[in-house]
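Here the structure is a predicted model, which is why all the values come from computation and not from measurement.
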Amino acid sequence: MKNKKWFVILCGVLMFGLFCGIGMSEGAMEVQAAKIVKKDKTPAEPASSDLAVVQTVTKLVSKRWIQSFTLDDTYYYYIQMTKPSVGHLRITRVKYTGLGKYKRDHMDLKYFGHATNLDCSISNGVTYLWTGSSAATNSDVSRAISGFRYRKNGVLRRKGEICYQIPMGINGKYVTNVYPAINEDSTKLAVRFTFKKMQYFQIYDLINGTQIDVNNLLKQIVLPPTSGDFQGFDIGNNTIYTIEGSPRKAFLKSYDKSRVYQPTIIRSCNYLTGQMGARLIRGAQRLSFREPEGIKIMQDGRMLMMYVSNKLTDQSCNIYRVK
């Protein structure tokens, strides 16, 4: 027990020292209280905010747990768990027609996993969505990654038309709880999994936007665990970006008094140079729920992130640009 306790403490020290480098105490990371808007809408951000509203509150087809998002030139795609612990997911495809105006449709994924991350690649003008897949029956742990074309009202079971099991390193044992991220020009694919409480990221060449060679690993990096709930990642400019954080303190106390609030932090690690950084996000303070879920690095360097709001099982989502 003592060894386990000291291991957790050591991971915490590593994370805030080696990885974060932000050097802030928990008290220093607090933000000032703001009047909460409980209606299901996106409050305006003040000019001084570190966030700018990109897409106002979007109500998805399913009233369940939103996990991640991605986008191509025409659509935004959002992924949700529709039934906990069994790996059933729903993707809502949204075409925005103006601020606060949109059209939507959906498809379902059965026995895929937890939907921790969603991304897309473009191949010959065709969008392929990617997420974890191949969960066992009555499990939400993905055992592979899959790419697939979106089909309105379609249903996929277990996996997509493209599917890869991921070995640790080269020719290592296949890992589980795996999720992909893809850079904006569809040339690199990163896979995240955890092992012995550490985060592993493996980077591969993505060929024609659809193929990787799991035995030709470009880079593997190992990072300490996040302090807050892990909420997604992306790859861009030879850098891995992660986002973490938990809902509001008041909400945490309402369903689990043992949970400790963690602020929203975006971390970065250049996998070529080893340079690391971290940034505390203070914006979106007036949202009713405010849980980060997903991050996206655009080709022009813009960083987008999502906050979900409203009630836990009846969520809406809001997209912001990080200034």
Side-chain angles (χ1 to χ4, degrees), residues 60-72 75-94 104-121 123 126-168 174-182 189-195 199-202 204 206 209-212 214 229-235 243 293-296 306 308 312-313 315 317:
L60 304 188
V61 174
S62 181
K63 296 180 179 180
R64 294 295 177 186
W65 297 268
I66 303 170
Q67 299 295 319
S68 187
F69 78 102
T70 190
L71 64 153
D72 59 20
Y75 299 98
Y76 279 71
Y77 304 86
Y78 301 91
I79 194 165
Q80 301 164 272
M81 287 193 301
T82 57
K83 191 173 182 181
S85 303
V86 297
H88 292 351
L89 312 174
R90 173 164 287 178
I91 293 177
T92 300
R93 184 177 67 171
V94 175
R104 66 187 186 183
D105 47 52
H106 71 278
M107 72 177 295
D108 288 310
L109 311 176
K110 304 292 187 181
Y111 307 105
F112 263 62
H114 189 80
T116 300
N117 221 57
L118 176 70
D119 216 333
C120 67
S121 64
S123 177
V126 177
T127 297
Y128 287 81
L129 299 175
W130 293 77
T131 192
S133 68
S134 310
T137 302
N138 295 322
S139 169
D140 64 0
V141 178
S142 294
R143 298 179 296 177
I145 61 170
S146 278
F148 51 90
R149 288 169 287 187
Y150 181 88
R151 299 201 321 260
K152 181 180 177 180
N153 299 323
V155 179
L156 289 177
R157 297 184 180 275
R158 302 290 180 188
K159 62 182 182 179
E161 55 202 270
I162 306 165
C163 187
Y164 293 102
Q165 287 185 281
I166 302 298
M168 178 181 284
Y174 289 126
V175 294
T176 61
N177 199 24
V178 289
Y179 288 95
I182 295 165
L189 183 146
V191 177
R192 178 191 184 267
F193 59 92
T194 56
F195 181 70
Q199 299 183 91
Y200 284 70
F201 297 87
Q202 297 188 168
Y204 302 89
L206 184 59
T210 58
Q211 302 170 17
I212 63 171
V214 296
D229 296 334
F230 178 83
Q231 304 289 15
F233 78 108
D234 201 8
I235 178 175
I243 188 168
E293 294 283 0
I295 184 171
K296 187 65 184 167
M306 177 170 64
V308 297
L312 181 63
T313 56
Q315 289 175 339
C317 51

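- The closest side-chain donor-acceptor pair between Trp130 and Ser121 falls under 3.5 angstrom.
- No side-chain N or O of Tyr111 forms a donor-acceptor pair with one of Asp140 less than 3.5 Å apart.
- Pairs engaging residues 79-88 under the side-chain hydrogen bond (donor to acceptor under 3.5 Å, both in side chains) rule: none recorded [sequence neighbours left out].
- In this structure, the side chains of Tyr128 and Thr210 come closer than 4.5 Å at one or more pairs of heavy atoms.
- Side-chain atoms of Ser142 come within 3.5 Å of backbone atoms of Phe112 as a donor-acceptor pair (strictly under, hydrogens ignored).
- Sorted by first then second residue, the salt bridge (Lys or Arg N to Asp or Glu O under 4.0 Å) pairs that include residues 107-120, not counting sequence neighbours, are Arg90-Asp108, Asp119-Lys296.
- In this structure the side chain of Ile79 never reaches within 4.5 angstrom of the side chain of Phe69, judged on heavy atoms.
- Donor-acceptor pairing under 3.5 Å is lacking for the side chains of Ser133 and Arg157.
- Judged purely by distance below 3.5 Å, without hydrogens or angles, the side chains of Gln199 and Arg192 pair a donor atom with an acceptor atom.
- Inter-residue side-chain proximity for Lys63 and Gln315 is flagged as unmet; no heavy-atom pair is nearer than 4.5 Å.
- Under the 4.5 Å side-chain criterion, counting only non-hydrogen atoms from C-beta, Ile66 is in contact with Met306.
- For the atom pair OG1 (Thr131) and NE2 (His114), the distance works out to 10.0 Å, reported to the nearest 0.5 Å.
- Stacking of Arg93 on the aromatic ring of Tyr77 is not recorded, the 6.0 Å distance cut-off and the 45° axial limit not both being met.
- Under a 3.5 Å cut-off, the side chain of Tyr78 and the backbone N or O of Thr70 do not form any donor-acceptor pair.
- Proximity of Phe148 to Leu156: side-chain heavy atoms (C-beta onward) are separated by under 4.5 Å at one or more points.
- The OG atom of Ser62 sits 10.5 Å away from the CG atom of Leu89 when rounded to the nearest 0.5 Å.
- Tyr164 places a side-chain heavy atom less than 4.5 Å from the side chain of Ile212.
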*Stepwise, does the side-chain contact (heavy atoms from CB on, under 4.5 Å) test hold for Val175 with Asn177?*
CA-CA 7 Å; Val175 294; Asn177 199 24; over 6 Å; no
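- In this structure, Phe233 and Phe201 have perpendicular ring planes: the angle between them is above 60°, well past the 30° mark.
- Side-chain contact between Met107 and Val155: absent, with no pair of heavy atoms (C-beta onward) separated by less than 4.5 Å.
- Under the side-chain contact (heavy atoms from CB on, under 4.5 Å) rule, Ser68 has a single partner from Asp234, Asn117, Ile243, which is Asn117.
- One side chain, Gln202 or Tyr204, offers a donor N or O that lies under 3.5 Å from an acceptor on the other.
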*Check the pair Gln165, Val214 against side-chain contact (heavy atoms from CB on, under 4.5 Å), reporting the backbone distance first and the verdict last.*
CA-CA 8 Å; Gln165 287 185 281; Val214 296; over 6 Å; no
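- Residues forming a ring pair (Phe, Tyr, Trp, His ring centres under 6.0 Å) with Tyr179 (at least two apart in sequence, or on another chain): none.
- A donor-acceptor pair is defined here as one N or O able to donate and one able to accept, closer than 3.5 Å; such a pair exists between the side chain of Glu161 and the backbone of Arg149.
- The distance from the OH atom of Tyr76 to the SG atom of Cys317 is 10.5 Å, given to the nearest 0.5 Å.
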*Can you check side-chain contact (heavy atoms from CB on, under 4.5 Å) on Thr127 and Tyr150, steps first, answer last?*
CA-CA 8 Å; Thr127 297; Tyr150 181 88; over 6 Å; no
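- The closest side-chain heavy-atom distance from Leu189 to Ile145 is below 4.5 Å.
- To the nearest 0.5 Å, the span separating CD1 on Ile162 from OG on Ser146 amounts to 8.5 Å.
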